[in-house]
Amino acid sequence: MIDHIGIAVSDTARSKEFYDAALAPIGIALIMEVPAEVTQSGGAACGYGKDQKPFFWFGQGRVGEGVHVAFSVETRDLVDAFYAAAIAAGAKDNGAPGLRPHYHPNYYGAFVFDPDGHNIEAVCHMPP
């Protein structure tokens, strides 16, 4: 299952205004904001979703680049297995498996760049 998707935007404030308005009628709202200091991309990020689960993210970046797809897995061992297999298949490291408590206490993820430079992640939200 896809856990979340992220895109780059040219103006975060303008995009927040747009997505606040455009997604409200379908029940999707701003759930979380992450400051630039703790993001993978170095730019602040906004997460929209439902039921306190952000699944659509955007942040300041070069539009047309910065695609991020995260796959949800059931265990931390599967995150580790994804990372090892991706690196063995030629991916470049973008964040070894580990906790990311700045997202939430049980956020355990691993990030790689695929052959085209897309940021691909496997994430487990369950405790060990």
Side-chain angles (χ1 to χ4, degrees):
M1 166 175 40
I2 293 179
D3 187 76
H4 60 274
I5 294 175
I7 62 170
V9 297
S10 62
D11 184 328
T12 303
R14 181 180 69 197
S15 293
K16 267 180 71 173
E17 287 182 30
F18 170 78
Y19 285 111
D20 283 349
L23 298 178
I26 58 174
I28 297 173
L30 180 66
I31 303 289
M32 184 178 192
E33 293 186 74
V34 179
E37 301 80 45
V38 296
T39 65
Q40 294 291 113
S41 65
C46 299
Y48 284 71
K50 287 184 177 184
D51 302 322
Q52 298 305 307
K53 168 65 173 94
F55 50 79
F56 172 69
W57 288 86
F58 63 79
Q60 193 75 31
R62 293 190 300 192
V63 175
E65 296 181 10
V67 172
H68 174 69
V69 177
F71 294 94
S72 181
V73 297
E74 295 80 19
T75 68
R76 294 177 180 194
D77 287 341
L78 289 173
V79 171
D80 297 344
F82 156 81
Y83 181 82
I87 295 296
K92 293 183 182 166
D93 170 62
N94 190 31
L99 287 170
R100 290 354 189 243
H102 49 275
Y103 298 135
H104 68 72
N106 288 315
Y107 194 109
Y108 186 88
F111 303 81
V112 299
F113 289 119
D114 78 359
D116 290 309
H118 303 299
N119 183 16
I120 308 300
E121 173 188 3
V123 59
C124 175
H125 297 284
M126 303 302 294

Considering non-hydrogen atoms only, spot the tightest contact between [X] and [Y] and give its length.
{"X": "R100", "Y": "P97", "value": "NH1-C, 4.0 Å"}
{"X": "L99", "Y": "N106", "value": "CD2-C, 4.2 Å"}
{"X": "Y83", "Y": "F111", "value": "CE1-O, 3.9 Å"}
{"X": "P54", "Y": "Q52", "value": "CD-O, 3.6 Å"}
{"X": "C124", "Y": "V79", "value": "N-CG2, 3.7 Å"}

- Query: Could you go step by step and tell me if F71 and F82 meet the ring-ring contact (aromatic ring centres under 6.0 Å, His included) rule?
  - Reply: CA-CA 10 Å; F71 294 94; F82 156 81; 7.4 Å; no
- Item | Stepwise side chain to side chain contact (heavy atoms under 4.5 Å, CB included) test for F55 and I2 | CA-CA 9 Å; F55 50 79; I2 293 179; over 6 Å; no
- Task: Evaluate the side-chain proximity of Y48 to D20: yes if any heavy-atom separation is below 4.5 Å, no if none is.
- Result: yes
- Message: Tell me every residue that passes side chain to side chain contact (heavy atoms under 4.5 Å, CB included) with E74, counting only those two or more places apart in sequence or in another chain.
- Response: L78
- Verdict with reasoning, W57 to V34, per side chain to side chain contact (heavy atoms under 4.5 Å, CB included): CA-CA 10 Å; W57 288 86; V34 179; 3.8 Å; yes
- Task: Check whether any side-chain N or O of R14 sits under 3.5 Å from a backbone N or O of T12 as a donor-acceptor pair, and report yes or no.
- Result: no
- Message: We want to know whether E121 and H4 form a side-chain donor-acceptor pair, criterion being a heavy-atom distance below 3.5 angstrom.
- Response: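 There is such a pair (donor and acceptor under 3.5 Å, judged by atom type) between the side chains of E121 and H4.
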- Task: Sequence neighbours left out, what passes side-chain hydrogen bond (donor to acceptor under 3.5 Å, both in side chains) with D3? Give chain and number order.
- Result: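 Partners of D3 by the side-chain hydrogen bond (donor to acceptor under 3.5 Å, both in side chains) criterion, ordered by chain and then number, come out as K53, H125.
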Enumerate donor-acceptor pairs with a distance under 3.5 Å from any side-chain N or O in residues 22-33 to protein atoms, sequence neighbours excluded.
unit_1	atom_1	unit_2	atom_2	d
E33	OE1	K16	NZ	3.1
E33	OE2	K16	NZ	3.3

- Query: For the hydrophobic clusters of this structure (ILVMFWY residues joined by side-chain heavy atoms under 4.5 Å, transitively), does one cluster hold both V38 and V123?
  - Reply: yes
- Message: Please say yes or no: joined through hydrophobic side-chain contacts below 4.5 Å, possibly via intermediate residues, are V69 and V112 part of one cluster?
- Response: yes
- In Å, rounded to the nearest 0.5 Å, how long is the span from NZ of K92 to CD1 of I87? 10.5 Å
- Query: What is the distance from atom CD1 of I5 to atom CZ of F56, rounded to the nearest 0.5 Å?
  - Reply: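 The distance works out to 8.5 Å.
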